[in-house]
Protein chains: 2
Amino acid sequence: MNSVKHPTIYDIASEANVSISTVSRVLNNSAVVSEKKKAKIEEAIQKLNYVPNVIARSLANKLSHTIGLIVSDLSNPFFTDVIDGIEHVISKEEYFAFNCDTRYDLAREKKYIGRMLQKRVDGIITFSTNDDAYELIKDAKQLVPVVSVQSQFRDTDSVNTYDAKGAYMAVEHLIKLGHKKIAFIVFDYDNLTIESRTNGFMLAHEKYGLPLNKKYIFKTKFGADAGSNVTNEILDNHPEITAIFAYNDKLAVASYTAIQARGLNIPDDMSIVGYDDTVSASIVNPKLTTVSQPRYEMGVKAAELLMKRIREKDEKAEPELILLKEKLVVRESTRALKR
Amino acid sequence: MNSVKHPTIYDIASEANVSISTVSRVLNNSAVVSEKKKAKIEEAIQKLNYVPNVIARSLANKLSHTIGLIVSDLSNPFFTDVIDGIEHVISKEEYFAFNCDTRYDLAREKKYIGRMLQKRVDGIITFSTNDDAYELIKDAKQLVPVVSVQSQFRDTDSVNTYDAKGAYMAVEHLIKLGHKKIAFIVFDYDNLTIESRTNGFMLAHEKYGLPLNKKYIFKTKFGADAGSNVTNEILDNHPEITAIFAYNDKLAVASYTAIQARGLNIPDDMSIVGYDDTVSASIVNPKLTTVSQPRYEMGVKAAELLMKRIREKDEKAEPELILLKEKLVVRESTRALKR
DNA sequence: GTGAAAGCGCTAACAC
DNA sequence: GTGTTAGCGCTTTCAC
């Protein structure tokens with residue numbers, strides 16, 4: 001293994017009896033080359049099994065054909081769907097992505113961004129979950145275009161959904177079913193997504209004249225048993241609560257576990273709504289009512305915007321904000337409250 | 001954005017009044033430099049906000065500090081766990097991975113490998129699911145070290161589990177519960193993993209003197225409704241079958257859906273065993289009995305082996321085969337057959 | 001159309 | 001210890 005040396009453009013040139021610039025021209029189709037030479041060159045490429053060295057090319061034309069992708073939890077299917085969309089558009093332009101899983105950890109995010117910059121990625125797509133990441137993003141933006149998904153930073157291109165609206169719809173659904181004591185389970189971080197969904201939660205209460213108990217907003221750190229802990233707290237100390245709106249499906253599923261572990265029934269004893277509509281939502285029993293975002297499309301839009309920025313080079317452009325619509329998918333985990 | 005130009009090693013050198021080699025030396029800690037100059041250089045680095053250009057470095061020292069990672073389905077949590085393990089070891093050496101999702105498609109795999117080679121990855125870790133990929137791997141191996149996970153190719157470093165053993169344990173468990181008509185749901189591809197699990201399935205029948213009905217091996221192509229189709233076939237045409245052994249959890253979960261859609265009960269009407277012990281296995285209701293592989297460890301071992309090969313450079317070494325143990329996790333989806 | 005040559009930002013002899 | 005210089009493999013003027 002690893003013993004055969006890569007032939008270079010010089011090897012091709014001498015094999016085909018032309019100059020390296022001519023080889024480069026046919027490689028990139030960057031100028032007209034006589035059919036005859038072109039044929040000879042292509043023959044040489046075949047014969048020597050030539051694979052162009054993208055690293056050298058990158059150094060010369062200052063484009064690495066690589067982007068950095070920052071997600072906060074790769075094992076969350078939400079992200080893999082978005083990645084799918086991103087992959088779809090960047091691979092058309094022969095781009096690769098370095099995807100990095102921050103585990104909602106700012107230090108990791110910082111480390112990864114640093115390395116991406118060293119690798120001279122042409123752009124970055126980020127799902128930063130931490131508002132403190134803004135400083136990092138701001139620095140990175142000095143060097144490469146950045147588009148943020150699901151988290152709007154000032155003066156930054158971004159694609160988002162109407163999180164407040166999504167949360168509003170979820171809670172409205174619960175309220176219309178007669179629920180009055182509704183818990184909101186959410187991660188304990190500061191970012192716009194969390195803020196927006198929290199606002200949606202509160203707004204629905206307001207619109208329907210329901211008193212809002214701030215204590216019903218249960219915050220939890222990211223972690224394996226994040227969801228079950230708070231759910232247990234609800235079950236132990238708040239028997240009056242009849243419905244839970246979870247920040248995402250993962251948290252909702254964790255609630256399932258805690259609730260079902262006590263022999264309680266969903267939705268008879270507790271209605272639950274999630275967010276994201278990941279596969280888990282359909283796997284789980286009963287199937288989860290959840291807010292669905294156009295994940296794939298989010299990835300596509302983000303990547304398209306980024307590629308556009310990369311093409312534009314240094315031009316200062318107004319930051320763009322792309323807003324996509326989510327919808328509520330009603331399944332089996334919610335039901336009308338019995339009187 | 002994208003407007004500030006990166007300072008180079010020359011900028012640092014002139015700022016600190018030294019030569020570029022001295023700067024390079026402190027950057028790489030590759031030789032002793034006087035404390036005084038070192039301090040000045042570090043100051044200049046801070047001041048100019050210098051970020052070394054890894055691309056140029058790669059070109060010079062012929063190491064891209066990048067590996068290629070080929071998986072067949074990123075949305076399968078099995079892979080994200082392995083990736084976790086890989087990430088853990090490569091990031092210590094400042095390596096990045098390009099991870100590529102082939103969707104079990106040979107053409108995509110070929111395309112990705114080609115691009116990785118162009119990017120001059122230092123090595124490749126692959127979960128090729130297709131035996132036809134061997135030709136690709138063989139070509140790639142000429143240029144960079146390759147370690148394959150969960151699929152042994154000839155003369156290739158690999159880390160695997162005892163798939164035949166795992167399948168054997170799963171089926172043995174079913175047999176001991178009294179099941180005699182057992183279906184095996186499996187992907188319709190040719191690879192060693194599939195072959196091994198099929199062998200395990202057959203071996204268990206043999207050991208326990210159970211007649212083996214080849215028709216009970218149900219093959220299905222990869223796809224969204226892969227599992228439910230075959231399960232429906234079983235339900236429609238083989239009422240005598242009382243247990244299903246699925247090639248992986250994803251397929252098992254799809255079986256759940258088909259079975260439960262008919263109002264049938266698991267495990268009362270059908271016992272099910274999966275493979276992989278992904279999170280789905282614990283989310284699903286009833287919880288899935290499944291074969292658990294040391295996913296994270298598989299990633300770690302694979303990455304360690306690859307990094308070793310990269311360090312060894314061109315030395316011809318005997319291919320190594322690392323075998324890890326899996327275990328059967330009995331949960332709620334299997335029960336003794338009623339007489 | 002085609003080739004010569006400079007340059008991309010770095011590493012690694014080599015000389016001092 | 002430190003600087004000079006020749007690459008690494010490519011792209012891209014600039015002549016012809």
Side-chain angles (χ1 to χ4, degrees), chain A residues 4-42 44-45 48-66 94 115 117-122 143 313, chain B residues 4-42 44-45 48-66 94 115 117-122 143 313:
Chain A
V4 179
K5 243 196 68 205
H6 281 279
T8 75
I9 201 172
Y10 284 94
D11 299 323
I12 303 298
S14 69
E15 175 78 24
N17 270 312
V18 296
S19 76
I20 60 164
S21 7
T22 307
V23 177
S24 175
R25 283 179 191 115
V26 343
L27 248 27
N28 300 295
N29 222 296
S30 55
V32 191
V33 172
S34 73
E35 278 308 320
K36 211 169 158 184
K37 296 207 169 174
K38 192 170 173 177
K40 286 193 71 173
I41 290 170
E42 273 160 356
I45 289 177
L48 302 188
N49 214 292
Y50 172 71
V51 180
N53 185 330
V54 172
I55 297 213
R57 179 177 294 169
S58 299
L59 184 60
N61 66 197
K62 290 159 167 305
L63 269 185
S64 66
H65 277 254
T66 253
E94 307 256 301
R115 286 208 207 139
L117 261 21
Q118 295 199 170
K119 291 268 191 196
R120 295 297 191 269
V121 294
D122 295 339
L143 301 167
K313 291 266 163 65
Chain B
V4 179
K5 242 195 72 207
H6 282 277
T8 73
I9 202 172
Y10 284 93
D11 300 322
I12 302 299
S14 69
E15 175 76 24
N17 270 310
V18 296
S19 76
I20 58 163
S21 14
T22 306
V23 177
S24 175
R25 281 177 192 117
V26 343
L27 248 26
N28 300 295
N29 221 295
S30 55
V32 191
V33 171
S34 73
E35 278 307 319
K36 213 168 153 182
K37 297 207 168 175
K38 192 169 173 180
K40 286 193 71 171
I41 290 171
E42 273 159 357
I45 290 177
L48 301 189
N49 215 292
Y50 170 73
V51 181
N53 185 328
V54 172
I55 298 210
R57 179 179 292 170
S58 298
L59 184 60
N61 67 195
K62 291 160 166 302
L63 270 186
S64 65
H65 278 255
T66 256
E94 307 255 302
R115 286 208 208 142
L117 261 21
Q118 293 198 170
K119 290 266 190 198
R120 295 298 192 268
V121 293
D122 295 338
L143 301 168
K313 293 266 163 60

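In what follows, chains carry the letters A, B, and so on, assigned in the order in which the sequence lines appear, proteins first and then strands, with residues in each chain numbered from 1. Side chains are part of it too, since the values below use all heavy atoms of this structure and drop only hydrogens, waters and symmetry mates.
From one end of the helix from C:dG1-D:dC16 to C:dC16-D:dG1 to the other, with five pairs defining each end axis, the axis direction shifts by 40° (rounded to 10°).
Residues satisfying the side chain to side chain contact (heavy atoms under 4.5 Å, CB included) test with A:Asn28, not counting sequence neighbours, are A:Ser24, A:Ser30, A:Arg57. With sequence neighbours excluded, the residues that form a salt bridge (charged side-chain N to carboxylate O under 4.0 Å, His left out) with A:Arg115 are B:Glu94.
With rounding to the nearest 0.5 Å, the separation of CG in B:Leu117 from CG in A:Asn49 is 9.0 Å. A distance of 13.5 Å separates NZ in A:Lys40 from CD in A:Glu42, rounded to the nearest 0.5 Å. Distance CG/B:Asn53 to NE2/B:His6: 7.5 Å, rounded to 0.5 Å. In this structure, the separation between OG1 on B:Thr22 and CG on B:Asn17 is 11.5 Å, given to the nearest 0.5 Å. Considering NZ of B:Lys38 and CG of B:Asn29, their distance stands at 5.5 Å, rounded to 0.5 Å. Within the model, atoms CG of A:Asp122 and CG of A:Leu63 stand 4.5 Å from one another, a figure rounded to the nearest 0.5 Å.
Checking each of A:Ile9, A:Ile12, A:Asp11 against A:Ile20 for a side-chain contact (heavy atoms from CB on, under 4.5 Å) leaves exactly one that passes, namely A:Ile9.
Nearest heavy-atom pair across B:Ser64 and A:Lys119 is O-NZ, 2.8 Å. In terms of heavy-atom proximity, A:Val51 sits nearest to B:Arg120 at O-NH2, 2.8 Å. Taking every heavy atom of both residues into account, A:Ile45 and A:Leu27 meet most closely at CD1-CD1, 3.6 Å.
Using a 4.0 Å cut-off on heavy atoms, the residues of residues 33-40 of chain B that approach DNA chain D are B:Val33, B:Ser34, B:Lys37, listed by number.
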Quick one: which protein N/O atoms are closer than 3.5 Å to N/O atoms of nucleotides 8-10 of chain C? Pair and distance per line, please.
from: C:dC8; atom 1: O3'; to: A:Lys62; atom 2: NZ; distance (Å): 3.2
from: C:dC8; atom 1: O2; to: A:Ala60; atom 2: N; distance (Å): 3.4
from: C:dG9; atom 1: OP1; to: A:Lys62; atom 2: NZ; distance (Å): 2.8
from: C:dG9; atom 1: N2; to: B:Ala56; atom 2: O; distance (Å): 3.3
from: C:dC10; atom 1: OP1; to: B:Tyr50; atom 2: OH; distance (Å): 2.3
from: C:dC10; atom 1: OP1; to: B:Asn53; atom 2: N; distance (Å): 3.1
from: C:dC10; atom 1: OP2; to: B:Ile9; atom 2: N; distance (Å): 2.4

Polar-atom pairs under 3.5 Å, protein N or O versus N or O of nucleotides 14-16 of chain C: list them with distances, or write none.
none

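Residue order along DNA chain C, read from the 5' end via each residue's closest nucleotide, puts A:Ser21 first among B:Ser21 and A:Ser21.
Nucleotide D:dC10 holds its P atom 9 Å from the CG atom of A:Asp11, rounded to whole Å.
Put simply, the side chain of B:Thr22 and the base of D:dG3 share no donor and acceptor less than 3.5 Å apart.
The backbone N or O of B:Val26 lies less than 3.5 Å from no partner atom in the side chain of B:Lys37, so there is not a single donor-acceptor pair.
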